[in-house]
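The structure appears right after this line, and notes come after that.
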Amino acid sequence: MLYLEIEGRGPKRTCGKVVRWFKSQYLPRHHLGVTVQHRGLKREKAYGYCSVQDSDFRPREFLIELETTMHGDLYIQTLLHELWHMYQHVKGQLRDKRGVRSWKGINHTKTDYEDQPWEKEARTMEEVLYNDFLIEVSKLSCY
């Protein structure tokens, strides 16, 4: 089951399609609540964030924040990148507990952003996910 809420000025239809596709492919048996909030992130020099909204023990409620001015490929890739972070949290690979960020049980609180293993994985996966999503969309549009 997916509880999806999309807020702010952004491509709501595309957002809904991407989130539903991702959930059906990667987390089909999980009950999740996802809020996608479109807001200005330029000052923060970011395209998106994913944060856990409930406990880090078996997290199921997430907030994904996306820059409002993104469109097309960049928007979809960024959303998939943040959804992969959600996947990492749900699967217990990425955890935040009492100010400590750990990846697969190893403390990475002081690891530079570019070297964070969950970011490296998400950057790799956003391309894979994007290509898989485009294939799925092209299959559906053939009917």
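We number each residue from 1, following the sequence as shown. The basis for the numbers below is simple: all heavy atoms, side chains too, and nothing from hydrogens, waters or symmetry mates.
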When hydrophobic residues are tied together by side-chain contacts of less than 4.5 Å, even through go-betweens, does [X] share a cluster with [Y]?
X: L74; Y: W84; answer: yes
X: L2; Y: V18; answer: yes
X: V19; Y: V137; answer: yes
X: V36; Y: Y130; answer: yes
X: L27; Y: I76; answer: yes

Any donor-acceptor pair under 3.5 Å linking the side chain of [X] with the backbone of [Y]?
X: N107; Y: T109; answer: yes
X: Q88; Y: Q93; answer: no
X: E67; Y: K42; answer: yes

For a 4.5 angstrom cut-off between non-hydrogen side-chain atoms, does [X] reach [Y]?
X: Y3; Y: T35; result: no
X: M86; Y: F22; result: yes
X: W103; Y: E121; result: yes

How far does [atom1] of [X] sit from [atom2] of [Y], to the nearest 0.5 angstrom?
X: L4; Y: L32; atom1: CG; atom2: CG; result: 10.5 Å
X: R95; Y: H108; atom1: CZ; atom2: NE2; result: 14.5 Å
X: E126; Y: T78; atom1: CD; atom2: OG1; result: 6.5 Å
X: L94; Y: Y87; atom1: CG; atom2: OH; result: 13.0 Å
X: H81; Y: L66; atom1: NE2; atom2: CG; result: 11.0 Å

Minimal heavy-atom distance between I6 and C15, with the atoms involved, is CD1-SG, 3.9 Å
**Candidate pair H38 and Y75, rule side-chain contact (heavy atoms from CB on, under 4.5 Å), full reasoning** = CA-CA 11 Å; H38 299 92; Y75 177 84; 2.7 Å; yes
Are E136 and K17 within salt-bridge range, i.e. N to O under 4.0 Å?
no
List the atom pairs, with distances to 0.1 Å, where a side-chain N or O of residues 55-64 and a protein N or O form a donor-acceptor pair under 3.5 Å, not counting sequence neighbours.
| from | atom 1 | to | atom 2 | distance (Å) |
| --- | --- | --- | --- | --- |
| S55 | OG | F57 | O | 2.8 |
| D56 | OD2 | D96 | N | 3.0 |

Can you confirm whether or not the ring centre of H89 sits under 6.0 Å from the ring centre of H85?
no
query = Stepwise, does the side-chain contact (heavy atoms from CB on, under 4.5 Å) test hold for E119 with E114?
reply = CA-CA 7 Å; E119 285 297 337; E114 300 82 27; over 6 Å; no
Members sharing Y113's hydrophobic cluster, built from side-chain contacts under 4.5 Å between Ile, Leu, Val, Met, Phe, Trp and Tyr, are none
Checking Q37, E44, R39 against Y49 for side chain to side chain donor-acceptor pair (under 3.5 Å), the one that qualifies is E44
Residues pairing under side-chain hydrogen bond (donor to acceptor under 3.5 Å, both in side chains) where one sits in residues 20-33, two or more places apart or in two chains, turn out to be none
